[in-house]
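These notes are about the structure you will find just below.
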2 protein chains.
Amino acid sequence: MKRTNKPISYSKTTEETARFAKALSHPVRLTILKHLSSQNCCFTGDLVEVLPLAQSTISQHLKELKEAGLIQGEVNPPKVKYCIDVENWNKAKNFFDTLFNEDFSKISCC
Amino acid sequence: MKRTNKPISYSKTTEETARFAKALSHPVRLTILKHLSSQNCCFTGDLVEVLPLAQSTISQHLKELKEAGLIQGEVNPPKVKYCIDVENWNKAKNFFDTLFNEDFSKISCC
DNA sequence: ATCCTTTATCGTGGATGTGCGATGATCATT
DNA sequence: AATGATCATCGCACATCCACGATAAAGGAT
């Protein structure tokens, strides 16, 4: 059991999958995404009326989702309309599809 | 824009999806899972020889994956053999399938 | 020019994540 | 009993996350 010191560089896909997963790793953000996908789009204020959190907190979650690429915001002063970023959404979908693609049902465990 | 104070309780599915996503939110853990799915099973030491991390760090990541339910470990002293937990793996697969199930391609944004 | 509405950003405090070396636990071998 | 191999756990640093209230930014209405 000898440790490697080679500084492994993860594949781009691995890095991106981890980024998407982190964005999805909080119940509030999942709820926001669910809301966005059912309503198609919505404003920040709509979410404040639904989630028991301060407006600043929700804004922060929206920022994280935007930085992960899962949503996009269109400024429409004084409101901002958020939607799913379809392109990246499908990208994430494919990443997770690939990740879970292995069929273990036929493999006896060792 | 009036804030709700009702203490929302997230659905069990939402909570579990978040838990799975958190487990998948780190490149090291994704690499471990990829390794496990290609090799079927492996020992802790095998991973130490592949990843440039201390044994304790890898053990910690394995613990998180185990607590999330994605893998299981079978003690075989002095070694421990880790495998994918097929049942929960498929559960996670279904959660993400459902999450990404929406077809936005046909929806014009608002 | 001054409010009002809506949203983003800042600063802060507490919790959690991530890496490490050191140490403990377990069991086979000697 | 003592040693060696393998792995988990502990304790420690440092960074990031998460929630909050306060404040800033932007633009419409008065």
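Only this structure's heavy atoms are used, side chains among them; waters, hydrogens and symmetry mates stay out. Order of the sequence lines sets the chain letters (A, B, ...), proteins ahead of strands, with each chain counted from 1.
Counting to the nearest Å, the C1' atom of C:dA8 and the CG atom of A:Asn76 are 16 Å from each other. In this structure, A:His61 places its NE2 atom 8 Å from C1' of D:dA19, rounding to the nearest Å. Protein atom CD of B:Glu74 is 18 Å distant from nucleotide atom P of D:dT6, rounded to whole Å. C:dG19 atom C1' lies 13 Å from atom CG of B:Leu51, rounded to whole Å. We find that NE2 of B:His26 is positioned 11 Å from P of D:dC17, with the value rounded to whole Å. Rounded to an integer number of Å, the gap from CG of A:Leu47 to P of C:dT7 is 9 Å. For the pair A:Lys2 NZ and D:dG4 C1', the interatomic distance rounds to 16 Å; values are reported in whole Å. For the pair B:Glu64 CD and D:dC7 C1', the interatomic distance rounds to 17 Å; values are reported in whole Å.
Considering only residues two or more places apart in sequence or on other chains, A:Lys66 meets the side-chain hydrogen bond (donor to acceptor under 3.5 Å, both in side chains) condition with none of them. Take B:Ser11 and apply the side-chain hydrogen bond (donor to acceptor under 3.5 Å, both in side chains) test, not counting sequence neighbours, and it matches B:Thr14. Scanning for side-chain contact (heavy atoms from CB on, under 4.5 Å) contacts around B:Gln60 gives B:Glu64, with sequence neighbours left out. Every residue meeting the side-chain hydrogen bond (donor to acceptor under 3.5 Å, both in side chains) condition with A:Glu16, not counting sequence neighbours, appears here in chain and number order: A:Lys91. Under the side-chain contact (heavy atoms from CB on, under 4.5 Å) criterion, B:Glu49 pairs with no residue at all, not counting sequence neighbours. For the side-chain hydrogen bond (donor to acceptor under 3.5 Å, both in side chains) test, residues two or more places apart in sequence or in another chain that qualify with A:His61 are A:Arg29.
Near DNA chain C, defined here as any heavy-atom distance below 4.0 Å, the residues from residues 18-25 of chain B are B:Lys22, listed numerically.
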Show me the side-chain donor-acceptor pairs of residues 18-28 of chain B shorter than 3.5 Å, one per line, residues at least two apart or across chains.
{"from": "B:Ser25", "atom 1": "OG", "to": "B:Lys22", "atom 2": "O", "distance (Å)": "2.7"}
{"from": "B:His26", "atom 1": "ND1", "to": "B:Val28", "atom 2": "N", "distance (Å)": "3.1"}

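Note on B:Arg3: a side-chain N or O is less than 4.0 Å away from OP1 or OP2 of D:dC20.
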Could you run down the sub-3.5 Å N/O contacts of the protein with nucleotides 8-13 of chain D?
{"from": "D:dA8", "atom 1": "OP1", "to": "B:Tyr82", "atom 2": "OH", "distance (Å)": "2.1"}
{"from": "D:dA8", "atom 1": "OP2", "to": "B:Ser59", "atom 2": "OG", "distance (Å)": "2.5"}
{"from": "D:dA8", "atom 1": "O5'", "to": "B:Ser59", "atom 2": "OG", "distance (Å)": "3.4"}
{"from": "D:dA8", "atom 1": "N7", "to": "B:Gln55", "atom 2": "NE2", "distance (Å)": "2.9"}
{"from": "D:dA8", "atom 1": "N6", "to": "B:Gln55", "atom 2": "OE1", "distance (Å)": "3.1"}

Between N or O atoms, less than 3.5 Å apart, protein on one side and nucleotides 28-30 of chain D on the other: list the pairs.
none

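For residues 29-48 of chain A, there are no ring-ring contact (aromatic ring centres under 6.0 Å, His included) pairs, not counting sequence neighbours.
Applying the 6.0 Å contact sphere to CD of A:Glu15 captures more than 12 heavy atoms from other residues, nucleotides or ligands.
A heavy-atom distance below 4.5 Å is found between the side chains of B:Lys81 and B:Cys41.
Residue A:Leu47 forms a side chain to side chain contact (heavy atoms under 4.5 Å, CB included) with just one option from A:Ile32, A:Thr31, A:Leu36, and that option is A:Ile32.
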